[in-house]
Amino acid sequence: MTVTLADVAARAQVSPATVSRVLNGNYPVASSTRERVLRAVDELDYVLNGPASSLAAATSDLVGILVNDIADPFFGVMAAAIQSEIGGPGGRAGGERLGVVCNTGGSPERELTYLTLLQRQRAAAVVLTGGAIEDTAHAGAVAAKLRKLHEAGTRVVLCGRPPAPEAPEAIALTFDNRGGGRQLTEHLIGLGHRRLGYIAGPEERTTTRHRLEGHRAALDAHGIEDDPRRTVHGRYDRRSGYEATLELLRRDPSLTAVVAANDTVALGACAALRDSGLRIPGDVSVAGFDDLPFSVDAVPALTTVRLPLTEAGARAGRIAMGREEPPPGGIATVRGELMVRGSTGAPRA
């Protein structure tokens, strides 16, 4: 049954006129009242009718691009590639679409809020980038939002994100993070390393789990113990890499290699090793993940797994605009490539 403005008003215990004022933003409303109305809108999944022109066309010229952190090159590269592909026939401004980058900051609530706002605006397409949050309730709520977007005529693409089983309509271009994680550790083991530290990302992220599983699979394949002291979780940023490396060295000063959650974390690890008087790779090898633009210019250049972020983002943009057919079954696995550079070498004797 369609939810009406009156239903929202009843739930929030305000007049329909107050609901209208809150949603249109054209009249001052007390903050407590505003919060009550917005909470009711979310609880009832109310969708505000957009402009008549959007209503007639079923969708608008808006394309939403959800990222975890726009300051992170991982997301910036993908967002730029997506936006480069969202022009095309059918838009009103010379065939262009309006790309809106929605920065969630890693907040589950904000992710859901953006999906609701894009639904209200009858977005032509929505692209969600990067790993998902591993929480059953949140995953169910996101899947419900994606289904509603699809039912309203919005194309939904997941780029660098695992498929959403509860929302099979969403096309998924998923990164092989397990395979890449295993490649990196296999490379280090092949050089002779047996005492490897691992700096993992936030525990609640699918990307973190998959890359760590790949690392552990390589250790297991070579009969190397997965010592829990040699794994530290943190954020996907340089400071986290710095602090985690110092903690790993405190726990086990005999480490000969550090595998980082991504290239930014790896830079922090390199700084911590240098500040501790250790040479890279003479004393400790360092490996990253993603092959972000700065990786080849680091000193020494980072060994990493290159994910084709630009190519994947561009493909997601074309699929979102209907200019490229979705992959068979709606899912494609995007594999990385091991890039061996100067930050890894044989362990010290």
Side-chain angles (χ1 to χ4, degrees), residues 67-69 71-78 106 129-132 159-162 173-191 193 196-219 230-242 244-245 248 257-273 280-281 284-298 300-313 333-344:
V67 302
N68 183 43
D69 180 6
D72 184 336
F74 176 88
F75 294 100
V77 169
M78 279 194 291
T129 64
C159 184
R161 191 177 181 118
L173 306 178
T174 182
F175 293 147
D176 181 19
N177 286 305
R178 287 190 187 89
R182 180 163 185 161
Q183 271 187 300
L184 273 179
T185 301
E186 291 273 8
H187 165 66
L188 289 164
I189 292 171
L191 290 173
H193 293 277
L196 296 86
Y198 192 92
I199 306 174
E203 293 187 71
E204 71 276 7
R205 290 278 164 183
T206 54
T207 301
T208 298
R209 178 169 61 84
H210 294 164
R211 293 182 182 183
L212 183 53
E213 285 174 352
H215 168 72
R216 287 172 170 165
L219 295 178
R230 293 178 180 162
T231 298
V232 176
H233 286 268
R235 301 173 307 280
Y236 286 121
D237 59 33
R238 183 185 180 281
R239 180 176 178 179
S240 176
Y242 188 97
T245 299
L248 286 171
V258 172
V259 183
N262 68 10
D263 294 339
T264 305
V265 172
L267 286 188
C270 289
L273 292 169
I280 306 163
V284 181
S285 288
V286 178
F289 206 116
D290 296 332
D291 196 24
L292 298 175
F294 58 77
S295 302
V296 72
D297 295 319
L302 277 176
T303 289
T304 185
V305 168
R306 179 187 183 274
L307 289 179
L309 301 176
T310 297
E311 296 87 341
T333 299
V334 180
R335 305 193 188 283
E337 177 186 0
L338 179 64
M339 310 298 290
V340 178
R341 299 187 181 123
S343 67
T344 54

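Note that the numbering runs from 1 along the sequence shown for the chain. Heavy-atom basis, side chains included; hydrogens, waters and symmetry copies ignored.
In this view, Glu203 and His233 satisfy the side chain to side chain contact (heavy atoms under 4.5 Å, CB included) rule, not counting sequence neighbours. For Ser285, the side-chain hydrogen bond (donor to acceptor under 3.5 Å, both in side chains) partners are His193, not counting sequence neighbours. Listed by chain and residue number, Arg341 satisfy the side chain to side chain contact (heavy atoms under 4.5 Å, CB included) test with Val296 (two or more places apart in sequence, or in another chain). Shown here are the salt bridge (charged side-chain N to carboxylate O under 4.0 Å, His left out) partners of Asp237, two or more places apart in sequence or in another chain: Arg235. Checked against side chain to side chain contact (heavy atoms under 4.5 Å, CB included), Pro202 has the following partners two or more places apart in sequence or in another chain: Glu204, Arg205, Thr208, Tyr236. With sequence neighbours left out, the side-chain hydrogen bond (donor to acceptor under 3.5 Å, both in side chains) criterion links Asp72 to no other residue. Contacts of Asp263 classified as salt bridge (charged side-chain N to carboxylate O under 4.0 Å, His left out), with partners at least two apart in sequence or in another chain: none. Under the side chain to side chain contact (heavy atoms under 4.5 Å, CB included) criterion, Ala271 pairs with Arg238, Tyr242, Arg274, sequence neighbours left out. Qualifying salt bridge (charged side-chain N to carboxylate O under 4.0 Å, His left out) partners for Arg161, counting only residues two or more places apart in sequence or in other chains: Glu111. Residues passing the salt bridge (charged side-chain N to carboxylate O under 4.0 Å, His left out) test with Glu213, sequence neighbours excluded: Arg178, Arg209. For His215, the ring pair (Phe, Tyr, Trp, His ring centres under 6.0 Å) partners two or more places apart in sequence, or in a different chain, are Tyr198. Residues passing the side-chain hydrogen bond (donor to acceptor under 3.5 Å, both in side chains) test with Glu186, sequence neighbours excluded: Arg182, His222.
When every heavy atom of Ser343 is checked against every heavy atom of Pro281, the shortest pair comes out as O-CB, 3.5 Å. Gly130 approaches Phe75 most closely through the heavy-atom pair CA-CE2, 3.8 Å. When all heavy atoms of Ala312 and Leu173 are compared, the closest pair comes out as O-CD1, 3.7 Å. Nearest heavy atom pair, residue Gly288 against residue Ala266, reads CA-CB, 3.9 Å. The two atoms that bring Ile199 and Ala269 nearest to each other are CD1-CB, 4.1 Å, heavy atoms only. Heavy-atom minimum distance, Val305 versus Gly180: CG2-O, 3.5 Å.
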Check your understanding: After noting the C-alpha distance and the side-chain angles of Ile189 and Leu219, does the key distance pass the side-chain contact (heavy atoms from CB on, under 4.5 Å) rule?
Key -> CA-CA 8 Å; Ile189 292 171; Leu219 295 178; 4.3 Å; yes

Check your understanding: For Val334 and Leu307, what are the C-alpha separation, side-chain angles and deciding distance, and is it a side-chain contact (heavy atoms from CB on, under 4.5 Å)?
Key -> CA-CA 8 Å; Val334 180; Leu307 289 179; 5.7 Å; no

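The OG1 atom of Thr264 sits 10.5 Å away from the CZ atom of Phe74 when rounded to the nearest 0.5 Å. Atom CG of residue Asn177 and atom CG of residue Leu212 lie 11.5 Å apart, to the nearest 0.5 angstrom. Going from atom OG1 of Thr333 over to atom CZ of Arg335 covers 5.5 Å, rounded to the nearest 0.5 Å. Here the straight-line distance linking atom CG of Asp291 with atom CG of Leu309 works out to 8.5 Å at 0.5 Å rounding. Between the CE atom in Met78 and the OG1 atom in Thr310 there is a gap of 10.0 Å [rounded to 0.5 Å]. Atom OG1 of Thr344 sits about 9.5 Å away from atom CG of Leu302, to the nearest 0.5 Å.
Exactly one residue among Val286, Leu188, Val259, Leu184 makes a side-chain contact (heavy atoms from CB on, under 4.5 Å) with Thr303. That residue is Leu184.
Without hydrogens or angle criteria, Arg211 side chain to Ala261 main chain gives a donor-acceptor distance under 3.5 Å. Put simply, the side chain of Asn68 gets close to the backbone of Gly106: a donor and an acceptor are under 3.5 Å apart. At distances below 3.5 Å, at least one donor-acceptor pair connects side-chain atoms of Thr206 with backbone N or O atoms of Ala132.
Contact of the Pro162 side chain with the His210 side chain is registered, since non-hydrogen atoms from C-beta on lie closer than 4.5 Å. With contacts defined as side-chain heavy-atom distances shorter than 4.5 Å, the pair Cys270/Leu273 does not qualify.
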